[in-house]
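Have a look at this one.
Note that ligands are numbered from 1 as they come in the structure, with each ligand's atoms numbered from 1 the same way.
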Amino acid sequence: MTPDPFRAIEISRLAHRMKAEGAPVIHMEFGQPSTGAPAGAIAAAHRVLDADGMGYWESAPLCAALAERYRRLHAVDIDPGRIILTCGASPALVLALSAAFEAGDRIALARPGYVAYRGTLKALNMEPVELACGPESRFQLTAAIIEALDPAPAGLIIASPANPTGTILSPEEMAAIAAVCRRRGIRIISDEIYHGLSYVGAVPSMLEFEPGALVVNSFSKYFSMAGWRLGWLVAPEDLRETARAYVGNLFLTAPSLSQHAGLAAMDCTEELDGHVAVYRRNRELLLEALPRLGLTSIAPPDGAFYIWADIGHLTDDSIGFCKRLLTETGVATAPGVDFDPVDGHRFMRFSFAVSTPEIEEALRRMAPWFAAQPVS
Ligand SMILES: Cc1ncc(COP(=O)(O)O)c(C=O)c1O
């Protein structure tokens with residue numbers, strides 16, 4: 001099955017064209033940090049470029065460091081051999097789905113959710129079972145929703161913090177979801193790519209509740225290394241050899257240069273936490289200002305760097321709305337339809353992974369623009 005296109009790419013293309021023509025564009029359409037890799041990672045990359053042949057390679061020190069991170073942050077003991085390095089969370093998701101499920105399997109996921117979940121499932125001929133999640137569950141799946149599914153799906157994808165909402169599941173809900181899934185034989189894939197980006201305290205890993213879960217993660221968000229294409233899958237014991245067979249056939253190894261840099265990035269906590277402090281400030285500014293723009297129905301962004309806003313009083317065409325906002329103010333945002341094909345025509349997503357002056361400027365431009373929009 002062919003996946004749907006990512007509509008934010010259309011907006012981004014237009015934004016880049018406008019920028020090339022001299023327009024002062026502010027990029028709030030993509031979920032990527034506007035900062036580069038941390039200085040320590042770049043220095044490590046410079047050092048190894050002259051010294052390493054850059055062949056196929058899986059960095060044992062990086063797998064060990066990631067395992068140690070799970071021990072320190074989540075008190076879970078993971079054999080580093082269960083960690084498979086990938087070119088980002090995207091291939092880690094392909095690996096996880098391929099290792100755990102068969103074509104035709106039904107996989108449940110929240111709607112709204114990250115566009116590529118649906119697309120990847122379709123590309124692998126699996127059936128996405130999209131479950132509408134509204135403000136009453138903070139746009140997240142609950143154990144009760146999963147309990148009520150009849151028949152039970154083969155698998156479940158959860159994300160906490162989530163894209164596009166930034167909402168976080170409580171430890172109690174995660175434990176309850178793990179218990180329902182265990183009882184009903186539903187295998188969990190947990191996308192933990194936004195770990196490290198929380199404004200409400202520690203975020204648990206699904207591995208704390210379900211050792212049989214497959215966890216995907218990457219260096220694209222907290223570590224600010226999206227273009228370095230480095231991520232990982234934590235495979236459960238029973239699927240580790242299957243997952244390794246898939247990675248060998250589909251992807252071979254992650255980029256060697258990025259593995260060296262990624263290992264160094266793990267020590268750059270001060271710089272990376274500095275980015276989180278900027279996001280925290282940006283989030284506060286947006287939460288304070290957006291209601292004044294008439295956007296009063298927004299998901300509480302506990303983590304990640306997104307605000308998911310209901311614009312149903314202004315439009316039922318989020319693509320056209322975001323395009324007009326871009327061409328008339330230079331502020332690029334993502335239309336809701338990417339994340340929710342049913343209700344997303346009346347939602348939009350702001351990414352606040354930019355600098356605070358950019359957020360201030362975006363708000364200056366958006367205030368009169370939103371005030372001038374007719375309420376339908
Ligand atoms: C929830 C989620 N999962 C996975 C990805 C893919 O990330 P990566 O760059 O590591 O492939 C993204 C990217 O935005 C995302 O938002």
Task: Min side-chain heavy-atom separation Leu326-Thr333 under 4.5 Å - done: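 No - every pair of side-chain heavy atoms lies 4.5 Å or more apart.
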Open item on the list: Using the side chain to side chain donor-acceptor pair (under 3.5 Å) criterion, which residues pair with Tyr199? Sequence neighbours excluded.
Closed with: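 For Tyr199, no residue satisfies side chain to side chain donor-acceptor pair (under 3.5 Å) once neighbours in sequence are set aside.
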- [ ] Taking atom types as modelled, find out whether Thr356 and Asn282 have a side-chain donor-acceptor pair closer than 3.5 angstrom.
- [x]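 A pair is found: one side chain offers a donor N or O, the other an acceptor, under 3.5 Å apart.
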Task: All pairs passing salt bridge (charged side-chain N to carboxylate O under 4.0 Å, His left out) where residues 141-155 contributes a residue, at least two apart - done: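 Non-adjacent pairs meeting salt bridge (charged side-chain N to carboxylate O under 4.0 Å, His left out): Glu147-Arg183.
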Open item on the list: For ligand 1, give me the residues whose heavy-atom distance to it is below 4.0 Å, by chain and number please.
Closed with: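 Residue list for ligand 1: Gly88, Ala89, Ser90, Tyr114, Tyr117, Asn163, Asp191, Ile193, Tyr194, Ser218, Ser220, Lys221, Arg229.
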TODO: Kindly write out the residues that satisfy side chain to side chain donor-acceptor pair (under 3.5 Å) with Asp238, not counting sequence neighbours, or none if the list is empty.
DONE: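 Arg187.
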- [ ] With Arg349 as the cation and Tyr306 as the aromatic partner, state whether NZ or CZ is under 6.0 Å from the six-membered ring centre and within 45° of the axis.
- [x]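 Yes, a cation-pi geometry holds between Arg349 and Tyr306.
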